[in-house]
Participant: 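The structure is given below, and queries will be raised subsequently.
All of these numbers come straight from a predicted model, not from anything done at the bench.
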Amino acid sequence: MLVDTHSHLFLEEFSEDLPQVMERARKVGVSSIFMPNIDSTTIEPMLSVCADYPGFCYPMIGLHPTSVNETYEQELAVVQEQLAGFNQYVAIGEIGLDLYWDKTFLKEQLLVFEKQIEWALEYRLPIVIHSRDAFEYIYKVMEPYKHTSLTGIFHSFTGTPEEASKLLEFEGFMLGINGVVTFKKSTLPETLLTVPLERIVLETDSPYLTPVPNRGKRNESANVKDTLAKVAEIYRMPSEYVSQVTSENALKVFGIRK
């Protein structure tokens with residue numbers, strides 16, 4: 001059993017061969033794919049894919065930080081409307097802060113992040129957090145929620161042992177590990193030695209961050225197997241065991257029984 005906890009298979013990059021992409025995922029043992037929303041333009045294609053693959057693909061709802069701009073209030077209203085009217089969302093995501101490209105809307109990103117955290121608590125949903133060049137801000141926003149019922153995933157974790165230790169203070173949260181762990185210059189293998197296997201989940205972030213040996217090509221959910229192989233090597237444990245533990249971690253976060 002393998003779970004891809006973060007995959008954007010509803011994007012244009014998969015419009016030509018989505019059935020084959022899904023089949024390849026199933027063939028390597030992927031049993032569930034969780035799909036984070038980006039903004040109002042991606043809700044319809046995401047729900048369409050999830051409707052075509054029930055019990056296999058699961059949708060989240062949220063406003064991605066790189067989509068936060070002067071129209072953020074309208075975008076947030078759409079998220080709120082979806083939460084109030086549609087009960088199949090398994091999480092609020094992906095949400096968070098991204099200061100890599102631009103800091104222009106930092107204030108708005110912080111407002112949007114906090115509002116969506118509040119909705120997660122209100123609707124009793126986990127959150128999937130996007131953090132890029134924003135660790136200290138993320139930690140500061142999250143700290144007041146440390147002893148609440150909030151749960152979720154710190155998506156695409158690539159940080160230091162010190163950062164991992166700080167994130168593990170949030171007991172209901174997992175670290176999302178993807179293809180970056182296979183990259184030659186990645187320091188993630190050393191960091192993971194400080195993280196219990198019971199606190200990580202696997203993801204692809206398709207179509208991005210393709211693991212070795214396919215780095216540079218479009219990523220897809222089947223490639224979670226390559227991340228699994230590397231993680232098993234790091235922990236010096238059988239792939240089957242790592243697959244089982246990380247999959248159980250993922251299904252627990254999302255409240256899915258299989």
Participant: Count the heavy atoms belonging to other residues, nucleotides or ligands that lie under 6.0 Å from OH of Y241, then report whether that count exceeds 12.
Facilitator: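 12 or below, so no.
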Participant: Between H6 and H8, what is the ring plane arrangement, given parallel below 30°, perpendicular above 60°, and tilted in between?
Facilitator: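 Perpendicular, since the angle between the ring planes exceeds 60°.
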Participant: Between E233 and K230, does at least one N-O distance fall below 4.0 Å, as a salt bridge requires?
Facilitator: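 Yes, this pair counts.
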Participant: Roughly how far apart are E169 CD and M142 CE, rounded to 0.5 Å?
Facilitator: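 Between E169 CD and M142 CE, I get 11.0 Å after rounding to 0.5 Å.
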Participant: Quick check: does any side chain N or O of T191 sit under 3.5 Å from a backbone N or O of G159, one acting as donor and the other as acceptor?
Facilitator: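 Between the backbone of G159 and the side chain of T191 there is a qualifying donor-acceptor contact (under 3.5 Å).
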Participant: For Y53, I'd like to know if atom OH has over 12 heavy atoms of other residues, nucleotides or ligands within 6.0 Å.
Facilitator: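 Check passes, neighbour count above 12.
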Participant: Taking C-beta and beyond as the side chain, do I38 and L11 meet within less than 4.5 Å on heavy atoms?
Facilitator: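 I38 vs L11: side chains touch.
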Participant: With a cut-off of 6.0 Å (strictly less than), are more than 12 heavy atoms of other residues, nucleotides or ligands near CD of E122?
Facilitator: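 Enclosed.
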Participant: For a 4.5 angstrom cut-off between non-hydrogen side-chain atoms, does I234 reach L193?
Facilitator: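 Answer yes - side chains close enough.
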Participant: If you group Ile, Leu, Val, Met, Phe, Trp and Tyr by side-chain heavy-atom gaps below 4.5 Å, do L209 and V28 land in one group?
Facilitator: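 Yes; tracing contacts between hydrophobic side chains, which count when under 4.5 Å, links both residues.
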Participant: Over 60° means perpendicular and under 30° means parallel, so classify the ring planes of F173 and F154, tilted if in between.
Facilitator: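 Tilted.
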Participant: Is the shortest heavy-atom distance from the side chain of F157 to the side chain of L188 under 4.5 Å?
Facilitator: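 Side-chain contact under 4.5 Å: yes.
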Participant: Given side chains that start at C-beta, do those of C57 and M22 come closer than 4.5 Å, heavy atoms only?
Facilitator: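 Yes - at least one pair of side-chain heavy atoms lies under 4.5 Å apart.
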Participant: Test your reading of the model: is there a side-chain donor-acceptor pair from Q109 to the backbone of V68, 3.5 Å cut-off?
Facilitator: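 Side chain of Q109 to backbone of V68: no pair is present.
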Participant: In terms of side-chain geometry, is the basic nitrogen of R24 or D17 positioned less than 4.0 Å from the acidic oxygen of its partner?
Facilitator: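 Counted as a salt bridge, because a side-chain N and a carboxylate O are separated by less than 4.0 Å.
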Participant: Taking C-beta and beyond as the side chain, do P65 and F113 meet within less than 4.5 Å on heavy atoms?
Facilitator: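 A side-chain contact under 4.5 Å is absent here.
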Participant: Do the charged groups of E163 and K166 touch, with an N to O distance under 4.0 Å?
Facilitator: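 Salt bridge between E163 and K166, a charged N being under 4.0 Å from a carboxylate O: no.
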Participant: Could you measure the distance from the OG atom of S131 to the CG atom of L167? Nearest 0.5 Å is fine.
Facilitator: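 Going from OG on S131 over to CG on L167, the span is 8.0 Å.
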Participant: Please determine which of L121, V253, L150 meets the side-chain contact (heavy atoms from CB on, under 4.5 Å) test together with I127.
Facilitator: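 It is L150; the other options fail the test.
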Participant: Between T158 and S186, is any pair of side-chain heavy atoms under 4.5 Å apart?
Facilitator: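 Of all side-chain heavy-atom pairs linking S186 with T158, none is under 4.5 Å.
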Participant: Quick one: pull up CD1 in I153 and CE in M174 and give me the separation to the nearest 0.5 Å.
Facilitator: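 Those atoms lie 8.0 Å apart.
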Participant: Sorted by first residue and then second, give each side chain to side chain donor-acceptor pair (under 3.5 Å) pair with at least one member in residues 195-204; sequence neighbours left out.
Facilitator: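 Sorted result for residues 195-204: D4-T204, H155-E203, N178-E203, T204-S206.
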Participant: Answer yes or no: does atom NZ of K146 have more than 12 heavy-atom neighbours from other residues, nucleotides or ligands under 6.0 Å?
Facilitator: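 Count over threshold, so yes.
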Participant: Do Q244 and E240 have side-chain atoms, one donor and one acceptor, less than 3.5 Å apart?
Facilitator: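 Judged by distance alone, the side chains do not pair up.
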Participant: Quick one: are L97 and L110 in side-chain contact, heavy atoms under 4.5 Å?
Facilitator: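 The answer is yes, as the side chains (C-beta and beyond) meet within the 4.5 Å cut-off.
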Participant: Any side-chain heavy atom of T227 sitting closer than 4.5 Å to one from N223?
Facilitator: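 No, their side chains stay 4.5 Å or more apart.
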Participant: If every non-hydrogen atom of L125 is compared with every non-hydrogen atom of Y89, which pair is closest and at what distance?
Facilitator: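 Result for this residue pair: CD2-O, 3.5 Å.
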Participant: List the atom pairs, donor and acceptor, that lie under 3.5 Å between side-chain atoms in residues 69-77 and the rest of the protein, sequence neighbours left out.
Facilitator:
residue: N69; atom: OD1; partner: T71; partner atom: N; Å: 2.8
residue: N69; atom: OD1; partner: T71; partner atom: OG1; Å: 2.6
residue: E75; atom: OE1; partner: S40; partner atom: N; Å: 2.9
residue: E75; atom: OE1; partner: S40; partner atom: OG; Å: 3.4
residue: E75; atom: OE2; partner: S40; partner atom: OG; Å: 2.7

Participant: How long is the gap from CD1 on I92 to CD on E118, to the nearest 0.5 Å?
Facilitator: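 The distance works out to 10.5 Å.
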Participant: Distance check, rounded to the nearest 0.5 Å: L99 atom CG versus I138 atom CD1?
Facilitator: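 One gets 8.5 Å once the value is rounded to the nearest 0.5 Å.
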Participant: Who are the side chain to side chain contact (heavy atoms under 4.5 Å, CB included) partners of T41, not counting sequence neighbours?
Facilitator: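 Result, side chain to side chain contact (heavy atoms under 4.5 Å, CB included) vs T41: D39.
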